[in-house]
Structure formats: structure tokens, C-alpha cells
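Here is the structure we will look at.
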Amino acid sequence: MTTAISEIDPQELPKGVSLWQDAWHRLRRNKLAMIGACYLIAVIIMALLTPWIAPYAYDAQDLRLGATPPSAAHWLGTDLFGRDLLSRIMYGGRISLLVGFIATAVALVIGVTYGAIAGYVGGRVDAIMMRLVDILYALPFMIFIILLMVVFGRNLLLMFLAIGVVEWLTMARIVRGQVQSLRQQEFVEAAISIGLSPARIIWKHLIPNALGPVIVYTTLTIPSVMLLEAFLSFLGLGIQPPQSSWGLLISHGVETMEEYPWLLIFPGLALTMTLFALNFLGDGLRDALDPRVSKD
Amino acid sequence: MQPLLSVKDLRIHFHTRNGLVRAVDGISYDVHAGKTTAIIGESGSGKSVACYGLLGLIPKPPGKVEGGTADFGGKDLLQLSEAELRKIRGRGISIIFQDPMTSLNPYLRIGDQMIEPLQLHFGMKKAEAWKRATAVLEEVGIRDADRRMNSYPFEFSGGMRQRVVIAMALITEPEIIIADEPTTALDVTVQAQILKLIAELQRNHNIGVIFISHDLSVISDIADDICVMKNGEIVEQGSRQQIFEQAQHPYTKKLLDAVPDTHKDIVENNDSEFLVVENLCTHFSSSRRAPVVKAVDNVSFKIKRREIVGLVGESGSGKSTIGRSILRLVDPTSGSVKIEGTETTALGYRDLKMLRRHMQMIFQDPYASLNPRMSVYDTLAEPLLLHKIATRKTLDSAVFELMDSVELARESVLRYPHEFSGGQRQRIAIGRAIATKPKFIVADEPVSALDVTIQAQILDLLLELVDRYELTMLFISHDLAVVRYIADRILVMCQGELVESGHSDQVFDNPQHPYTQTLLKSVPGKYLHDEIAAG
């Protein structure tokens with residue numbers, strides 16, 4: 001039944017294997033998730049290097065050219081002002097990815113922390129915290145963002161934060177619900193009886209078990225945030241032409257969809273591919289973080 | 001005599017992703033009118049599949065009937081179409097399910113649920129069906145049946161619901177009733193009533209009963225014929241007398257041996273008092289207007305060092321709340337709890353954390369008490385690191401030592417809870433509880449979710465650990481036989497109050513309080529224990 005320590009392969013000795021390391025091992029075996037991750041990394045690298053590798057400047061106009069379909073000089077064609085679409089998609093990706101990740105990260109950090117605390121503590125604290133969320137829900141978020149912009153001036157980073165501040169509400173509700181039901185489980189009581197502090201119980205026992213829905217919701221938040229940015233920009237609150245973002249390119253592309261379809265197709269493709277990659281990675285992460293999903 | 005149902009060489013396999021599971025592999029049994037055929041086995045032995053498969057009530061796929069015959073009134077059940085089976089279900093053969101809380105539709109009145117099969121199978125008019133249902137409800141011992149027909153399931157207690165479920169099984173006058181662990185979810189006094197009811201109805205209506213159970217004591221009281229199942233096969237079958245007096249198969253013998261039947265020898269304990277509970281009250285109220293629930297009401301008792309005290313009571317008696325109040329997992333409303341002279345009810349967070357090292361808890365359900373996302377290593381390492389019992393360097397060997405002491409294979413150190421069986425999980429949970437070398441352990445029904453053979457192993461492990469680490473233990477259980485096996489002294493709880501306490505022998509052999517007397521009378525297995533006593 002028992003084995004002496006010496007008989008165990010030293011490779012198998014548990015040198016602080018955490019859930020995360022274990023999850024990484026499982027994730028690596030998930031092909032689809034790895035393809036998604038590689039694609040995302042490639043897109044991020046491209047976004048970082050854009051100023052050096054983009055074929056044209058994002059605002060270089062050639063009015064004589066006008067809107068042309070894809071050609072050898074302009075691989076993805078040009079827009080109404082004769083600007084190279086590939087370059088504009090590359091520059092736009094920088095904005096879209098930034099807003100997607102920063103705003104979602106803000107939503108994630110605030111939402112998960114807030115929801116977990118409300119769900120764990122419960123009682124009156126929970127009631128007050130969640131009523132606050134309800135009140136914020138009821139505020140029209142456009143007014144909220146416009147107010148922020150008016151007070152602090154138009155600022156890209158501020159816009160990211162503002163979007164994040166709006167998006168965390170749903171996250172907080174999801175996490176709170178999860179934590180509330182997990183809290184009834186005996187393993188939480190066991191953790192209390194060991195003497196763990198509430199912060200550690202939340203961090204080590206509750207949040208890892210609530211991650212499934214959180215990850216799924218996160219992969220849904222990133223695209224909705226990107227589209228929100230396009231909407232704000234369209235109202236003149238976000239980025240301004242000649243700067244661009246995927247959302248903005250798409251909304252302009254829609255206007256000229258019939259005459260110049262490539263102006264919609266290529267930015268749309270860029271966004272969709274990224275979202276696919278995110279979803280694959282998200283699903284993979286969810287499975288990887290759940291040891292009950294079979295190993296094969 | 002011609003059997004009602006004759007199953008021959010039944011084989012049901014499940015073709016799962018992880019390979020072929022031979023859930024039922026070539027079993028044969030008969031059911032006679034007015035007799036009870038009991039199928040006993042541990043979880044996963046295939047005992048439920050062996051019955052449900054006959055009525056087509058297994059998921060197909062992955063399940064598949066691979067062979068055999070089941071002759072019921074001249075028809076082979078296994079060859080019938082779904083439509084023909086539907087006619088048999090409920091009418092020829094009906095089922096009593098285990099959990100009366102989930103086997104009734106909570107949104108329909110009892111009456112509406114009961115008349116449904118009558119309208120379906122016999123085409124009765126509603127008024128006529130209603131009258132018949134009321135009569136059956138009366139027969140299963142529900143008072144004021146006329147009015148109760150209009151009640152919803154939540155308005156009944158657990159035992160009453162099971163009566164309703166039995167009435168529903170009976171209403172179509174079936175020839176055979178399959179009772180799948182019908183009393184497992186019930187308290188022991190209620191169980192005794194339900195078993196009596198089933199036996200009565202069986203006699204009056206001449207019904208053949210297939211009684212599925214894991215509980216040898218229950219089966220010994222009611223069975224005529226017994227099939228012992230293991231891994232999809234019947235390893236032994238025969239009359240009750242044959243099985244209990246002349247068991248042949250080693251597995252049957254193992255089952256019989258696993259029944260906790262011995263009493264602990266009473267050794268006079270002259271140690272000092274470890275735990276003193278005085279006038280403990282723990283009350284709950286869900287809101288300010290709701291009436292206060294007195295879960296624990298004015299309870300006082302003492303536990304000496306190295307003593308195992310059994311706390312017995314039915315569900316809702318407040319026995320778990322006492323354990324949790326002592327450990328401050330719930331805050332008591334008033335009263336005093338002193339552990340080695342330290343008053344715990346007033347301790348602040350910091351002092352409480354220090355004290356937690358010395359008092360631990362083992363929970364009932366090893367499926368819920370382990371974090372599914374923590375490996376055995378992490379689970380056991382957590383208390384060791386928190387209370388600085390091991391350093392990063394010595395952690396590995398400390399974890400292995402713990403695994404040794406609860407007899408878990410070291411190779412499984414990196415596995416997650418779902419990869420273990422119930423008994424192994426409970427070992428992990430016990431390992432976590434003794435990690436801090438505590439002085440005091442509250443064990444809350446630690447074996448009631450386990451199979452009987454596993455139960456015996458865990459009980460012996462607990463006894464051994466108590467001896468080795470000089471533990472003091474409060475052992476909470478509804479199972480009197482288990483408590484008698486392990487405890488030195490016994491406390492009996494009823495509706496939040498302590499009604500009796502004393503040495504095990506004294507409480508069992510000469511109970512003073514009327515509630516204790518009823519409780520002891522309800523314990524199943526008279527036949528079994530007489531047999532064991534006889535030889």
C-alpha cells in the first residue's frame with residue numbers, strides 16, 4: 001500500500017504543483033486552445049510592431065486613388081480617401097486590443113473581487129453592496145461616460161477605464177451568485193475550521209471554483225467592449241479620425257457595403273478571427289482549470 | 001409455485017467513452033407473489049440497473065441489454081417495445097424511489113399526481129379516480145386523506161411523503177413493486193414505520209416486492225430471498241436463513257462481518273475534563289419576523305480527555321449544530337463552551353485561529369468537504385503551512401507521513417478528489433483533520449455516506465488514530481449501531497434538547513427516556529443481531 005519516498009520517481013515529487021501549473025499542463029494538450037493562443041500572441045506582436053512594419057501610415061491619403069479593391073500595392077485595397085486598408089486595420093487593432101484587454105481586465109478585477117466579497121460575507125453587507133450594483137445598473141451608462149469625459153477631458157485611457165467600470169457590474173453578479181452557492185459547501189466550512197482567513201478562503205477555495213462562468217463571460221465581454229468603443233467613437237467620444245479602430249472601420253464599412261464590400265469584409269474578418277481565437281482559448285482555459293474534466 | 005417474475009441470465013452493459021462497463025453480468029432471480037426478494041450490494045454493484053433495466057429505465061445508449069430473459073406473465077420484458085413497456089410500468093410493476101423529496105412533483109397537488117396513472121391506465125373518470133386515490137392514501141396511513149389530497153408535497157414531512165410515494169406505487173394495484181432504497185433517506189423511527197407499512201400492504205395485496213438496499217440490517221428484517229450483488233454479478237443467493245446462517249461466499253461473509261455489532265469495552269476514564277459545555281443555546285431566525293428556531297436549547301455536557309462521546313439524534317435534532325457551535329463554525333446564542341479551561345465563545349479572530357489548530361472537524365459528505373480543485377497534496381499541505389507545522393522543505397515528507405497514517409497510497413498524492421472513491425476521500429478528509437495534530441475532533445456523521453465494508457474500515461481507522469494521537473472526539477451520528485461500536489459514552493438529542501446521557505451499555509441496555517426507548521426499538525436488524533449473538 002505505502003511506498004517509501006525513495007521508491008518514488010523524484011520527477012513525480014510534488015514541488016509545489018499549483019492548480020495553475022496543472023492547468024497549464026492540461027491547456028497545452030488542447031490543440032484548439034493552443035491555436036487560439038498562438039493566433040492571439042501573433043496579433044499582439046503585430047500590434048506592437050505596427051509602426052515599423054505597416055506598409056503605409058494610417059493617415060497617408062492618396063485622393064487620386066479613391067476606393068480601390070485589393071491589389072499588389074494595397075493588399076487589402078484602399079478606402080474612400082485612398083488610405084491603405086491593411087495599415088489602417090493594423091493601427092486599428094492596437095486600439096481595439098488595448099480597449100478590449102484593459103477594459104475587460106478592469107471589469108474582471110473589480111467584478112470578481114466585489115462579487116466574491118459580497119457573496120462570501122453575505123447578510124447586510126451583501127444587501128448593501130448588491131443594491132449599489134443595482135443603482136449603477138439603472139444609470140444610463142452613456143450619461144456616465146459622457147460626464148466622465150466632460151469632467152476629465154477626452155482621454156483614451158479614461159475611456160478604457162470608463163468602459164471597464166460599466167462592464168464589471170454583470171461580472172460582480174455572476175461571481176456573487178457562484179460564491180453564494182459554493183459557500184454552502186462543506187469544503188468551505190472545512191477551510192474555516194482549519195483556521196484560514198476569509199481572504200485566503202475567497203482566493204484559494206472560492207474563486208478557483210467560480211472560474212468557469214467567469215471565463216466564459218470574459219470571452220464574451222472582450223468583443224462587446226470592442227464594439228462599445230466603436231459606438232463611443234462614432235458619437236465622437238472615443239478616438240477621432242484619422243485614427244481608427246476595428247469597430248470604427250466596421251461601422252464605416254457598413255455604410256459603403258454595397259459599393260466597396262472589402263471595406264467591411266477585412267475589418268470584420270480581423271475582429272471575428274480574434275474573437276474565435278479568444279473563445280477557443282477561453283473554453284480551453286475553463287476545461288483546463290477544472291480537474292474533473294477527464295485528462296484524455 | 002409459479003414466480004411472478006423470472007429473470008434469467010440478464011446482462012446489461014454500458015458502452016462508455018472509457019470502455020465497456022458490465023453493470024449487470026449474467027444474473028438470475030425470481031420474484032414470488034407475497035414475498036420479498038432483496039438485492040443487496042454496495043454502490044456501483046449494479047443492483048439498481050438489475051431492476052430498472054427490466055422496465056427500460058436505463059439510459060440507452062450508453063446502456064444496452066446484451067442478453068437474458070425476464071418472464072413476466074408470459075411476456076419477455078426485454079423483448080417488449082417502448083409502448084408495451086409503458087403499459088407494464090406503473091400498472092404491472094411500479095417503483096418506490098429512494099428520495100421522497102425529489103420523486104414527487106413539487107408544483108402539483110398530491111391528488112393530481114395520484115390520479116394520473118388511474119386516468120392513464122384504466123381510463124377512469126376524474127371523480128372516480130379521486131375517490132380511489134383518497135382510499136389508497138388512507139390505507140397507507142395518512143390521516144384526514146380527503147383534505148390532504150389537496151396538499152402540495154412540501155406540506156408533508158419526509159416520512160409522510162414516502163407514504164404518499166408508496167400510495168402512488170400501490171394505486172394501480174401492481175403485481176410487483178420495486179422498492180429502491182425506500183428508507184435510506186429517512187430517520188430510523190420513520191424507517192421502522194415505513195418498513196412495517198410495506199410489509200402490511202404486501203400481505204394484504206399479495207404483492208411481490210423487489211427490495212434494493214445496501215443495508216444488511218434492514219434486509220434481514222424483511223427479506224424472504226436475498227441476492228448478494230457485487231460488480232454486476234450475484235455472488236450468492238438464497239433464503240434469508242441460508243444467507244445469514246450459512247454464508248458461503250467470502251464477500252457475503254465480509255458484508256456480515258462489517259456490520260458493527262461489538263460494543264466497545266468500557267474502560268474507566270480517570271482523565272481530567274477536556275470539554276465543558278454549559279447551557280449552550282444556538283438559535284436561528286431567518287428574518288426578524290420569522291419565529292426563532294431553537295436548534296440547540298440549553299444543552300450541558302462534559303467530555304473527558306481521550307474519550308469518544310457519541311451524539312445521537314434524528315435529522316433536525318440539533319446534533320450537528322452542537323458540533324458546529326463548539327468549533328465556532330456557527331456562533332452560539334448563549335451559554336459557555338470551555339476547552340481545557342479556555343472559554344471559546346468569547347474568543348476573537350486571532351485567538352480563535354490559534355485554537356483551531358487544536359480542534360478539527362470531519363464532515364459527513366466526502367464529496368462536498370474537499371475542494372474539487374485542490375489535489376490531495378494541496379489539501380493536506382494547507383493546514384500544515386498555515387499553522388507552520390511544516391516548512392517548505394519538510395512539506396513533502398510531512399504530507400507523505402499524513403497519507404501513510406490514513407493509509408492512502410503515496411502515488412496518488414497529485415490526484416484530485418474526483419479520482420477517488422468515497423472511502424478514500426473520507427481518508428483525505430481525515431488526513432486534513434489530523435494534520436495539525438489536534439487534541440479534539442468533531443466527527444459529523446463521518447461514515448453515513450459510505451458503503452458498509454468501507455464504513456467498518458473508516459471506523460477502525462478513527463479508533464486507531466484516537467489511540468495513537470490521544471484524541472478526544474465528539475462523534476455525531478444517526479446510526480446507533482455505529483455509535484455503539486465506537487463511543488464510550490452516549491448523548492441522545494431530541495428537538496434541540498439533550499434527553500439522555502450515560503455510558504454506552506447503560507443507554508443501550510437500560511434506556512430511561514421514552515424517546516431513547518422508541519429510538520432503540522426502531523433500530524433495524526433484530527434478526528441479524530440475534531444471529532450474530534447466536535454464533
Side-chain angles (χ1 to χ4, degrees), chain A residues 1-23 25-26 122-124 127 181-201 203-212 286 288-296, chain B residues 17-18 324 327-330 349 352-357 359-379 381-384 386-387 392 395-397 399-401 403-404 407-411 413-419 429 432-433 435-436 438 442 444:
Chain A
M1 187 81 180
T2 53
T3 321
I5 293 184
S6 57
E7 286 173 38
I8 291 184
D9 183 359
Q11 292 296 308
E12 279 183 43
L13 272 185
K15 284 280 174 276
V17 172
S18 70
L19 177 70
W20 302 100
Q21 278 167 305
D22 229 33
H25 280 290
R26 277 195 288 268
R124 198 165 298 168
S181 68
L182 286 169
R183 184 158 179 15
Q184 309 295 327
Q185 301 241 6
E186 282 181 342
F187 71 83
V188 176
E189 219 172 2
I192 296 173
S193 75
I194 285 170
L196 285 186
S197 65
R200 272 183 69 90
I201 291 174
W203 178 242
K204 281 209 69 179
H205 291 271
L206 292 174
I207 290 180
N209 281 292
L211 275 182
R286 188 195 53 202
L289 282 167
D290 189 347
R292 279 165 298 192
V293 175
S294 83
K295 284 184 170 176
D296 44 49
Chain B
R17 261 192 309 178
N18 299 329
R324 285 172 162 77
L327 296 188
R328 283 280 302 274
L329 290 173
V330 294
Y349 175 75
L352 198 57
K353 185 186 158 188
M354 300 292 285
L355 192 66
R356 291 223 186 278
R357 178 177 171 170
M359 49 187 209
Q360 286 293 318
M361 179 141 180
I362 299 166
F363 295 87
Q364 169 172 9
D365 184 357
Y367 291 83
S369 67
L370 297 171
N371 185 339
R373 306 209 177 203
M374 280 168 82
S375 62
V376 179
Y377 184 84
D378 288 337
T379 302
E382 191 166 50
L384 292 172
L386 181 76
H387 291 287
R392 283 276 167 205
L395 190 57
D396 287 351
S397 58
V399 167
F400 279 140
E401 249 170 64
M403 292 182 75
D404 289 347
E407 291 159 22
L408 274 171
R410 288 182 172 196
E411 290 83 353
V413 66
L414 290 181
R415 296 196 179 187
Y416 288 88
H418 72 277
E419 298 172 69
R432 173 178 59 192
T436 57
V442 174
D444 188 0

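Keep in mind the model is a prediction, meaning the values are calculated, not measured.
- What you find for A:K204 and B:M374 is that their closest heavy atoms are NZ-CE, 4.1 Å.
- The residue from B:M359, B:Q360, B:R324 that alone fulfils the side-chain contact (heavy atoms from CB on, under 4.5 Å) condition with A:S193 is B:Q360.
- B:L386 touches chain A through its side chain: at least one heavy atom from C-beta onward sits under 4.5 Å away, while N, CA, C and O do not.
- Of all heavy-atom pairs spanning B:R432 and A:I194, the tightest one is CD-CD1, 3.5 Å.
- Residues meeting the salt bridge (charged side-chain N to carboxylate O under 4.0 Å, His left out) test with B:R328, sequence neighbours left out: B:D331.
- Of the two parts of A:L182, neither the backbone nor the side chain holds a non-hydrogen atom closer than 4.5 Å to a non-hydrogen atom of chain B.
- Across all non-hydrogen atoms, the minimal contact from A:H205 to B:N371 is ND1-ND2, 3.0 Å.
- Closest heavy-atom contact between A:F187 and B:P372: CE2-CD, 3.8 Å.
- Across all their heavy atoms, A:L289 and B:R373 have their closest contact at O-NH1, 2.8 Å.
- The nearest pair of heavy atoms linking B:K353 to A:G195 is CG-O, 3.5 Å.
- Only the side chain of B:Y349 comes within less than 4.5 Å of a heavy atom of chain A; its backbone N, CA, C and O stay farther away.
- Among A:I192, A:N209, A:L196, the residue with the largest count of heavy-atom pairs under 4.5 Å with chain B is A:N209.
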